[in-house]
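Here's the structure we're looking at; comments come further down.
By convention here, the first residue in the shown sequence is residue 1. Here the structure is a predicted model, which is why all the values come from computation and not from measurement. Order of appearance sets the numbers: ligands from 1, and atoms from 1 within every ligand.
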Amino acid sequence: MGTNTVQPDMLQQLEQLRQEAEAALAQANSTEATRTWHSEYLGRKGRLTAILRNLGSLPAEERQLVGKVANEVKIDLELALQERQETIAQAELEAARSAESVDVTLPGRPMWDTFYTTSPDLLLRTHTSPGQIHAMRAYAPDPLRVILPGKVYRYEQVTARSESMFYQVEGIAVGRKITFSDLKGVLTNFANQMFGEGRQMRFRKSYFPFTEPSVEVDMDCVICGGKGCPICKYTGWLEILGAGMVHPIVLQNGGYDPAEFSGFAFGMGPERITMLKRSIDDIRYFYANDVRFLERV
Ligand code: DAH
């Protein structure tokens with residue numbers, strides 16, 4: 001083979017390789033596919049390397065030109081790969097996001113797990129919030145401030161922090177110009193009176209079906225003062241209740257015009273509060289009927 005034929009031959013091979021590689025890259029639709037592409041075209045055992053291996057057989061002047069073109073092809077393909085990988089990563093991320101996203105059109109869960117009784121249609125309530133509607137209908141359209149304590153039941157695993165039967169204290173205030181600041185003020189006041197002045201409160205956004213916005217309320221851990229300990233699971237915070245601004249539809253169903261009235265509500269577990277106040281590490285003591293415990297509390 002004369003030198004004049006070798007050089008265009010190799011340049012041609014390089015150009016063909018570039019075209020084939022670009023076409024194949026456009027077909028690669030996953031990160032995995034781009035990896036395979038890389039090893040086929042640019043890898044150590046890839047096609048570009050195979051062409052470059054023959055470079056040594058060329059005369060010096062030709063070697064320089066072919067080497068330069070080969071290098072350009074390599075850089076171009078590496079850049080194209082990078083671009084393709086970014087596009088694919090973005091698409092994969094979006095696909096993952098849409099697969100995970102919540103379908104808000106699905107119906108909600110019809111009811112919290114609870115206990116049915118042997119009497120038809122009689123079931124044990126899971127929380128005291130349904131008491132709100134009774135209070136509102138009794139007082140509307142007058143402003144109201146009520147506390148609704150009661151026993152509640154939940155079908156759930158019994159642990160040191162959760163019983164299947166416990167108490168709740170529900171509170172609701174409805175009136176004109178009641179704001180979230182009132183809710184914060186009342187709850188902070190409660191914590192300071194119950195646990196001593198200077199308590200830190202934290203309001204975390206949450207969801208409850210009957211309030212909007214809803215919050216879960218934490219207090220700095222009374223055991224360690226916020227430094228972190230086993231009781232607060234080293235977070236420095238203890239959750240003490242759920243709360244929120246009464247949802248306009250709840251107000252309406254209670255007999256109040258939501259354009260004129262607003263309100264807040266909260267629900268707390270007195271056992272949990274007592275546990276914190278008296279350093280009781282297991283909720284099950286409350287219902288175990290051990291007289292020594294009952295006398296102590
Ligand atoms: N009912 C909720 C529960 O059992 C607690 C709760 C949250 C009560 C927000 C409320 C409220 O009145 O506004 O977990």
CD/E92: more than 12 non-hydrogen atoms of other groups inside 6.0 Å: yes
F208-ligand 1 polar pair, N/O distance under 3.5 Å: no
Enclosure of F180 CZ (heavy-atom neighbours >12, cutoff 6.0 Å): yes
E163 with R284: basic N within carboxylate O range, under 4.0 Å: no
Close aromatic pair by centroid cut-off 6.0 Å: F208 and H127: no
Ring geometry between Y41 and W37 (parallel below 30°, tilted from 30 to 60°, perpendicular above 60°): tilted
Ligand 1 atoms in contact with R154 (distance to a heavy atom under 4.0 Å): 3 (C), 4 (O), 14 (O)
Distance filter under 4.0 Å to Q168 heavy atoms, resulting ligand 1 atoms: 3 (C), 4 (O)
Atoms of ligand 1, numbered as shown, that sit under 4.0 Å from any heavy atom of G244: 13 (O)
Ion pair check, R272 and E239, cut-off under 4.0 Å: no
Short N or O distance, A265 and ligand 1, threshold 3.5 Å exclusive: yes
Joint cluster assignment, M201 & F190, ILVMFWY side-chain distance < 4.5 Å: yes
Interfacing atoms of ligand 1 (cut-off 4.0 Å, heavy-atom, S129): 1 (N), 8 (C), 10 (C), 12 (O)
F210, portion touching ligand 1 at heavy-atom distance under 4.0 Å: side chain
For Q132, the ligand 1 atoms whose distance to one of its heavy atoms is below 4.0 Å: 12 (O)
Enumerated ligand 1 atoms positioned under 4.0 Å from heavy atoms of G267: 6 (C), 8 (C), 10 (C), 12 (O)
